[in-house]
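Proteins come first, then strands; the chains are lettered A, B, ... in the order of their sequence lines, and each starts at number 1.
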There are 2 protein chains.
Amino acid sequence: MTVPALEAERRVAVLSDALRSSGLRLTHQRLEVAREIAGDDTHPDVESIYRHVRERVPTISLDTVYRTVAVLAELGLVGRVNATAGATRYDANLARHHHFVCTRCGLIRDIYSVSLDSVEAPEEASALGTVESVRVQLSGVCKECRRKESDRER
Amino acid sequence: MTVPALEAERRVAVLSDALRSSGLRLTHQRLEVAREIAGDDTHPDVESIYRHVRERVPTISLDTVYRTVAVLAELGLVGRVNATAGATRYDANLARHHHFVCTRCGLIRDIYSVSLDSVEAPEEASALGTVESVRVQLSGVCKECRRKESDRER
DNA sequence: GTTACTGCAAACTTTTTGCACGACA
DNA sequence: TGTCGTGCAAAAAGTTTGCAGTAAC
C-alpha cells in the first residue's frame, strides 16, 4: 500500500527539516529510511523497512534502521502503533472498557465511560471488514511521571 | 493494583468453566495463571504473571505461563493489549486518524472520520494524567481473511 | 578537522518449539 | 489407562549495545 507521491514527499520534507533543526545529521541512510516510512501506509515493522530500503541502499544494516526509527520516534516524527513498548500484556477484563496509557512508564488503567461506549464504527471501517470491537485509547502522561519530571527540572 | 475479590472470583469461575467446556484440562497451573490474571488489573506481561504465580506454585515454568495465556487468548477469555502480535510497527501519518486492525492477519488501515475525531477524553481519564491523544481502535476481521475463512469451511 | 553516525558482531530480551515424563479425566 | 499438559533445554525472533572506521557538517 503506498501513500500518494505528493503526500509522501511532503512527509519526507517534514522529517528532513526536523532532523536538521534538531542538530542531527541528515545522512543518506536516515533520508532513505524516512522516505520508506513516509511512502508506506501499511504501518511497517523494522524488518520490512529494512528489506525495502536495502533495495536502494544495499549496504545499510538492520541496526541502523532500528536506530533511525528510534530517533524519528523520539522526535515525535513517527508514531509507534502499539500501546506500549516491550512485552505483550494481557487483560482479563472482558467488560466493555477503554484504556488510559502512559507513554512514559507504560501504566495502563481501565476507563469506564458511557460516552466512550457509545462511539460507533464509521462506514469507512465497515467497508474494510467486520468490526468486532471499538476501543478508545487515551495516551498521555500519568500524574506520577509528570511529578517526577517536574522534580527533575528543579 | 488489584481487582475486588468478588469480581476476581467471578472471572476465575468464567475462565474455569470455559476451559472445561472446551474439553481442555483444568490443571493446577492453568487455574493459578487464570487466578493471577483475573486478580491483577495492571495488564501484566507474562514475566510478571510468572513471578507472582511462582510464589504459590514454585515449580511452574515460564513456558507453561506462555502456553496458558495463549490458550486463554485463543478462547477469547483474556485480551492482548497491543493492537497486533510480533514486532513494533511504525506510522508516519501525523495527522489525526484512527485504526482498523485485523486480528487475524495484522493488517492495519488508517481511518479518517470526523465523528471519531470528535471523541473527547472523559473526566475519569483526565484524573489519571494529561491526555495527549485520543485514538479509536476498531478491531475485527478484514474482508480478505473473512473470505479465506469461508473458503476453508467448504 | 571534529564529531556524530554507520556497520559489524555479539549480547540481551521475549517468545516458540521438541521431547520425555507426569498428571488429569 | 490414554492422552493432554508440563518442565526442561535449546532455538528462534526481535531489539540493543560496544567498538572501530567513515562520512556529514
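- Contact of the B/I111 side chain with the A/L128 side chain is registered, since non-hydrogen atoms from C-beta on lie closer than 4.5 Å.
- Between A/T64 and C/dT6 there is no side-chain polar atom (N or O) within less than 4.0 angstrom of OP1 or OP2.
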Residues 75-87 of chain A side chain polar contacts: donor-acceptor under 3.5 Å, at least two apart:
from, atom 1, to, atom 2, distance (Å)
A/R80, NH1, B/Y90, OH, 3.2

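- Regarding A/L26, its CG atom lies at a distance of 16 Å from the P atom of D/dA23, rounded to whole Å.
- For D/dT15, one of the phosphate oxygens OP1 or OP2 lies less than 4.0 angstrom from a side-chain nitrogen or oxygen of B/T88.
- OP1 or OP2 of D/dG5 lies within a sub-4.0 Å distance of a side-chain N or O belonging to B/R30.
- Atoms CG (B/L19) and P (D/dC4) sit 15 Å apart, rounded to a whole Å.
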Test salt bridge (Lys or Arg N to Asp or Glu O under 4.0 Å) on B/K148 and B/D151; report intermediate values, then the result. CA-CA 5 Å; B/K148 281 183 190 157; B/D151 280 4; over 6 Å; no
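- Distance, B/L31 CG to C/dA23 P: 17 Å, rounded to whole Å.
- In this structure, A/E47 places its CD atom 13 Å from C1' of D/dA12, rounding to the nearest Å.
- In this model, the phosphate group of D/dC4 is not approached by any side-chain N or O of B/T27 to a distance below 4.0 Å at OP1 or OP2.
- Nucleotide C/dT6 holds its P atom 14 Å from the OH atom of A/Y50, rounded to whole Å.
- Both B/T68 and B/G86 lie close to DNA chain D; mapped to their nearest nucleotides by heavy-atom distance, the more 5′-ward contact belongs to B/T68.
- Computed from coordinates, the A/I49 CD1 to D/dT15 P distance equals 11 Å when rounded to whole Å.
- Contact check, A/Q29 against D/dA24: no side-chain N or O comes under 4.0 Å of OP1 or OP2.
- For A/H43 and B/N93, the side-chain atoms include no donor-acceptor pair closer than 3.5 Å.
- When each of A/D63 and B/D63 is assigned the nucleotide of DNA chain C bearing its nearest heavy atom, the one mapping closer to the 5' terminus is A/D63.
- Sequence order on DNA chain C of the closest nucleotides to B/Y66 and A/L24 puts A/L24 first from the 5' end.
- For the side chain to side chain contact (heavy atoms under 4.5 Å, CB included) test with B/P44, the passing option among B/D41, B/D40, B/V46 is B/D40; the others fail.
- In this structure, CD of B/E74 is placed 16 Å from C1' of C/dT15, rounded to the nearest angstrom.
- The nearest whole Å value for the distance from the CZ atom in A/R25 to the C1' atom in D/dT22 is 11 Å.
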